Each structure stands twice: as structure tokens, then as C-alpha cells.
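Convention: sequence-line order gives letters A, B, ...; per-chain numbering from 1. Scope of the values below: all heavy atoms of this structure, side chains included, with no hydrogens, waters or symmetry mates. Predicted model only: the values in this text are computed from it and were never measured.
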2 protein chains.
Amino acid sequence: MITDLEKIKKYLQAVKIKPTYLRIRLLKYLLEKKNHPTGKMIYQALKKELPTISLTSIYNNLELFAKKGLVKILLLDPKEIRFDGEKGHHHFFCEKCQKIIDLPIDCNLIKKKKIFGHLIKDWDGYFFGICKDCQRDG
Amino acid sequence: MITDLEKIKKYLQAVKIKPTYLRIRLLKYLLEKKNHPTGKMIYQALKKELPTISLTSIYNNLELFAKKGLVKILLLDPKEIRFDGEKGHHHFFCEKCQKIIDLPIDCNLIKKKKIFGHLIKDWDGYFFGICKDCQRDG
DNA sequence: TCCAAATCTGTAATCATTACAAAATTATAA
DNA sequence: TTATAATTTTGTAATGATTACAGATTTGGA
């Protein structure tokens, strides 16, 4: 996992994003936490250490990151967008505890370049139901 | 395809939804059109024949239908929710022409009851990219 | 150090969705 | 058929995430 500030800086430069301190900290947060945060969650968390940040900057840079393919936009919840610092896996949403669980599924479909002739650039796989823990707990 | 009003009425009653005229017409619209409409699109279309309808009723009943499993909420666009009168297929979204294309994929994952121990109740599969037509047109 | 460009902040605007109370409709029973 | 209670629908206002925008700040290069 990439969490060292210098490494993150290079990670940003590799995709032609100017590595400002805010961007480095934002990406660091996304790579370290696995909590699929909303923009507001990130804002509130980073605000503790960077008191002057604005929600607008968080949103702007998340959009930039997503456009450059650094992070994934999750549309699990119609009410708010969530972000994921890691790509390449499916997601499970528990309707009981509301937890979002990463699923390391080996899916053949997503390995293909095309599907029914349509060029695949990205994909999302969501499952909804009751997670293992909630089933056990009743 | 079920589009006859009487059949739709029975379809609603089968899932214990009181078949009011608005609900019958709303479900008819969803079953006939394959346009993955937003709430507003449905509202504007139905308003032509049912001038007194309200957007609130559309939303309320779409939520009811979704809860009863009659329609599918599509999480394709962060800006607005779309609805699908047919379930059981994946979706492709063309980033060029913005078209939503149904993909009749035979996926083994979604036939399973559980995945990594988590109970599956519903699922969504999305692909993003350039559709066949837009590739040909340049 | 200085400067132009890019980024960030703070506030206000946007707009899909939801809340809520009153009006209308429905189903049922007398 | 008519009265009645429950449900549904309407219309308006509220909510809240996201976006627009202008001015302040920061950045990287000369």
C-alpha cells in the first residue's frame, strides 16, 4: 500500500496531477482508509489536521482523481456519492448494518475489452443483501 | 410483455399493491418504455394524459414498486436516479452518446444465493465506455 | 524575490428528492 | 346507493448533496 507522502506525490505526478499538499493528503486518506467515505466524511476527517480546507476543494479534487482513474466513484447509495481509493473489486452493501464490503471476485466479464461490441472502459459490480455477520447475529 | 391494463392491475395485486389508476399507468409506462427514465421524465410523459398528477406521487410509487421488487433503481448517474421496469440484466452506459443499453449477460455470480457468505438479495452490474455505434461513427 | 498560472476557500445557487398537511379517492358496510 | 374510515394523491415547502463563482492563496519557474 502506498501511504508515504513522497510516494503519493510521485503517484500523483505519474498521472499528471500537480501534487499540492491538499491533494497528497486527500489521496493519502483515500488509500489508507477503507471506509468508502462520502465527500463530507473526508472533509470532516481532514479538517482536524488541515483546518482551512473547504468542502469544495475536496469535491473538486475527488472529481479530478476520478477522471484520472485514481479513485472510484461508488453509486451504492442514491442519496450520496462514495469514493474508493482502490479499484478492481466488487462491492456488497448490507441492508441491515449498512456496511460496505469489498468483494475480491474473479470475474471473466471485466477482463474483456468489449462486451456485445461495446468498448469497456470501466465497470461497477454491486450486491445487496444481508452480510455474513448480520445473518449470524439474527 | 404485460401492458394490458387489466393484466397490470393483477400484476400489482399479486404483490399486494392497491391498483390505483395512477399506479397502473405508472407501471404500464415502465413496462412499455425501455428508456430507463428519471422520475421527472415519467412525470412529464404521464402529465400529458393525466394532467393532475404530482411528481411526489411518482416518486412515492416508484419507491413502493422498488421495495416490492417490481422495478429496479439504476445507480448509473450520480446526479439522478433512473428506473427500469425490467430486472435481471446488466447495463452499459456510453460516455459519448449517454445511451443506456441493456446487456443480457449470463453471469454465474448472480445465480448464487450467497457470495463470501453474504446473502444476496439483489445486484447491479454496470459497464461504462463507448458503445458499438459510437465506435463506428468515430 | 517576483510573477503568472493554477489552486483553494467561502458563500451562494442549483436541483433532485423528501416531508407534510390538506384534498381527493378508494373500498367497505349499512 | 350513501356514509365513513382509510388510503392515496396533490401541492407546497424543506432538505441536503453537489456545483458555480469570484476573490484570496499557493505553487513553480525565472
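Straight-line distance from the CG atom of B:L55 to the P atom of C:dC20: 18 Å, rounded to whole Å. If you measure from atom CG of B:L50 to atom P of D:dT9, you get 11 Å, rounded to the nearest angstrom. For the pair A:I24 CD1 and D:dT27 C1', the interatomic distance rounds to 12 Å; values are reported in whole Å. Rounded to whole Å, the distance from CD on B:E80 to P on C:dT17 is 7 Å. Put simply, NZ on B:K9 is 12 Å from C1' on C:dA27, counting in whole angstrom units. Between the C1' atom of D:dT27 and the CD1 atom of A:I17 lies a distance of 16 Å, rounded to the nearest Å. Atom CG in A:L74 sits about 17 Å away from atom C1' in D:dT18, given to the nearest Å. Between the C1' atom of C:dT11 and the CG atom of A:N60 lies a distance of 14 Å, rounded to the nearest Å.
Summarising the geometry, atom OH belonging to A:Y59 is positioned 11.5 Å from atom OH belonging to A:Y43; distances are rounded to the nearest 0.5 Å. Note: B:T52 OG1 to B:L50 CG = 7.0 Å, rounded to the nearest 0.5 Å.
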Check step by step if side chain to side chain contact (heavy atoms under 4.5 Å, CB included) holds for A:N61 and A:I17. CA-CA 10 Å; A:N61 284 305; A:I17 293 177; 6.0 Å; no
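Side-chain contact between B:D124 and B:K72: present, with at least one pair of heavy atoms (C-beta onward) separated by less than 4.5 Å.
Below the 3.5 angstrom threshold, one finds no donor paired with an acceptor across the side chain of B:T52 and the base of D:dT9. B:T56 contributes no side-chain N or O that forms a donor-acceptor pair with the base of C:dT17 under 3.5 Å.
Taking 4.0 angstrom as the limit, A:K79 places a side-chain polar atom (N or O) nearer than this to OP1 or OP2 of C:dT18. Taking only side-chain nitrogens and oxygens, A:K18 never comes nearer than 4.0 Å to OP1 or OP2 of D:dT27. The phosphate of C:dC8 (OP1 or OP2) has a side-chain N or O of A:N61 nearer than 4.0 angstrom.
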Which pairs of donor and acceptor atoms, one on a side chain in residues 131-138 of chain B, lie under 3.5 Å apart (sequence neighbours left out)?
residue : atom : partner : partner atom : Å
B:Q135  : OE1  : A:K114  : NZ           : 3.0
B:Q135  : NE2  : A:G117  : O            : 2.7
B:Q135  : NE2  : B:I130  : O            : 3.0
B:Q135  : NE2  : B:C131  : O            : 3.4

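The pair B:R25-B:E49 counts as a salt bridge, with a side-chain nitrogen and a carboxylate oxygen less than 4.0 angstrom apart.
B:Y11 places no side-chain N or O within donor-acceptor distance of the main-chain N or O of B:L70, the cut-off being under 3.5 Å.
At a threshold of 4.0 angstrom between heavy atoms, the contacts of A:S57 include nucleobase atoms, whether or not backbone atoms are also involved.
Each of B:F83 and A:Y21 lies near DNA chain C, and the nucleotide nearest A:Y21 is the one positioned closer to the 5' end.
End-to-end axis angle of the helix from C:dT1-D:dA30 to C:dA30-D:dT1, from C1' rotation axes over five pairs per end: 30° (rounded to 10 degrees).
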